[in-house]
Novice: 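Please read through the structure below; I'll follow up with questions.
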Amino acid sequence: QVQLVESGGGLVQPGGSLRLSCVASGRIHGINAMAWYRRAPGNERDLVARTTVDGRINYGDSVKGRFTVSRDNAKNTLYLQMNSLKPEDTANYFCYTEALSDPGGRFLPYWGQGTQVTVSS
């Protein structure tokens, strides 16, 4: 009952920037963590950035210093500002959240459909 919709992916030159957005909607009674993951062809899906409702943030080692994650709790929206992009950043980027849809239930994981980021000259 929770949907995640990513946007902002596309083609960018090395050294360029992109800003991804993820909007959570549906029957949402609470959201804890929200995160970005990515999966490149032939690779496992790995963590890009994760943020908690109380503002704690952690990043994957490969993006530290280049990517910035932010969160608008009022809008249930997660952002990812990606700077100094490298070809190795090329991947499908997925939004993830742990959300409470049933107020009498428990927090469950939800995934977006992914948005493609391609870094190429």
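Predicted model, so just to flag it, every value in this text is computed and none were measured.
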Novice: So, for Y110 and S101, which heavy atoms are closest and what is the spacing to 0.1 Å?
Specialist: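 For Y110 and S101, the tightest heavy-atom pair comes out as OH-CB, 3.6 Å.
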
Novice: For residues 39-50, run the donor-acceptor check on the side chains, cut-off 3.5 Å, and write out each pair with its distance to 0.1 Å, sequence neighbours left out.
Specialist:
from : atom 1 : to  : atom 2 : distance (Å)
R50  : NH2    : E98 : OE2    : 3.4

Novice: Test side chain to side chain contact (heavy atoms under 4.5 Å, CB included) on V119 and E88; report intermediate values, then the result.
Specialist: CA-CA 8 Å; V119 185; E88 65 188 88; over 6 Å; no

Novice: Counting C-beta onward and ignoring hydrogens, is there a side-chain heavy-atom pair between F67 and L85 closer than 4.5 Å?
Specialist: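 They are in side-chain contact.
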
Novice: Carefully, step by step, assess N76 and I28 under the rule side chain to side chain contact (heavy atoms under 4.5 Å, CB included).
Specialist: CA-CA 9 Å; N76 290 330; I28 302 173; 4.0 Å; yes

Novice: Kindly write out the residues that satisfy ring-ring contact (aromatic ring centres under 6.0 Å, His included) with Y37, not counting sequence neighbours, or none if the list is empty.
Specialist: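 Listed in chain order: Y96, W111.
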
Novice: Residues two or more places apart in sequence or in another chain: which of them pass side chain to side chain contact (heavy atoms under 4.5 Å, CB included) with T52?
Specialist: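 T52 satisfies side chain to side chain contact (heavy atoms under 4.5 Å, CB included) with D54, R56 once adjacent residues are dropped.
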
Novice: Restricting to non-hydrogen atoms, name the atom on P14 and the atom on S121 that form the minimum distance, rounded to 0.1 Å.
Specialist: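 Minimum heavy-atom separation between P14 and S121: CD-N, 3.6 Å.
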
Novice: Hey, are the side chains of M34 and V69 touching, using non-hydrogen atoms and a 4.5 Å cut-off?
Specialist: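 Not in contact.
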
Novice: Tell me, please, which residues at least two apart from Q113 pass side chain to side chain donor-acceptor pair (under 3.5 Å).
Specialist: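 Residues passing side chain to side chain donor-acceptor pair (under 3.5 Å) with Q113: E6.
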
Novice: Using the side chain to side chain donor-acceptor pair (under 3.5 Å) criterion, which residues pair with S84? Sequence neighbours excluded.
Specialist: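 Partners of S84 by the side chain to side chain donor-acceptor pair (under 3.5 Å) criterion come out as none, since no residue qualifies.
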
Novice: Mind checking the CG-OG1 spacing from L11 to T118? Nearest 0.5 Å is all I need.
Specialist: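 Going from the CG atom of L11 to the OG1 atom of T118 covers 6.0 Å.
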
Novice: Which pairs count as side-chain hydrogen bond (donor to acceptor under 3.5 Å, both in side chains) when at least one residue sits in residues 64-75, sequence neighbours excluded?
Specialist: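 As it turns out, the side-chain hydrogen bond (donor to acceptor under 3.5 Å, both in side chains) pairs with a partner in residues 64-75, which skip direct neighbours, are D61-K64, R66-D89, R71-N73.
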
Novice: Run through the side-chain heavy atoms of Ile, Leu, Val, Met, Phe, Trp and Tyr, join any pair under 4.5 Å, and report what else lands in L100's cluster.
Specialist: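 Members besides L100, by chain and number: F107.
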
Novice: Residues two or more places apart in sequence or in another chain: which of them pass side chain to side chain contact (heavy atoms under 4.5 Å, CB included) with R106?
Specialist: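 So R106 forms a side chain to side chain contact (heavy atoms under 4.5 Å, CB included) with L108.
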
Novice: Evaluate the side chain to side chain contact (heavy atoms under 4.5 Å, CB included) criterion for residues N92 and R38: first the C-alpha distance (whole Å), next the side-chain angles of each, then the deciding distance (0.1 Å), finally the verdict.
Specialist: CA-CA 5 Å; N92 204 316; R38 68 186 184 186; over 6 Å; no

Novice: Tell me which pairs pass ring-ring contact (aromatic ring centres under 6.0 Å, His included) where either residue lies in residues 42-65, with sequence neighbours left out.
Specialist: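 Every candidate ring-ring contact (aromatic ring centres under 6.0 Å, His included) pair involving residues 42-65 fails, so no pair, neighbours aside, qualifies.
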
Novice: So do I31 and V53 actually touch side chain to side chain, heavy atoms under 4.5 Å?
Specialist: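 Sidechains of I31 and V53: no contact.
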
Novice: Enumerate the disulfide (SG to SG under 2.5 Å) contacts for residues 32-77, please, sequence neighbours excluded, ordered by first and then second residue.
Specialist: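 The answer is none; no pair qualifies.
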
Novice: Sort out for me which residue in L78, L80, T115 forms a side-chain contact (heavy atoms from CB on, under 4.5 Å) with C95.
Specialist: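 Single pass found, and it is L78.
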
Novice: Treat each ILVMFWY residue as a node, draw an edge where side-chain heavy atoms are under 4.5 Å apart, and state whether Y79 and V63 are in one component.
Specialist: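 No, because Y79 and V63 fall into different hydrophobic clusters, even though each may have its own neighbours under 4.5 Å.
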
Novice: Which pairs would a plain distance check flag for residues 17-27, meaning a side-chain donor or acceptor within less than 3.5 Å of a matching protein atom at least two apart in sequence or in another chain?
Specialist:
from : atom 1 : to  : atom 2 : distance (Å)
S17  : OG     : N83 : OD1    : 2.8
R27  : NE     : Q1  : OE1    : 2.7

Novice: Looking at T97 and A33, what are the two nearest heavy atoms and their distance?
Specialist: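 Heavy-atom minimum between the residues: OG1-O, 3.1 Å.
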
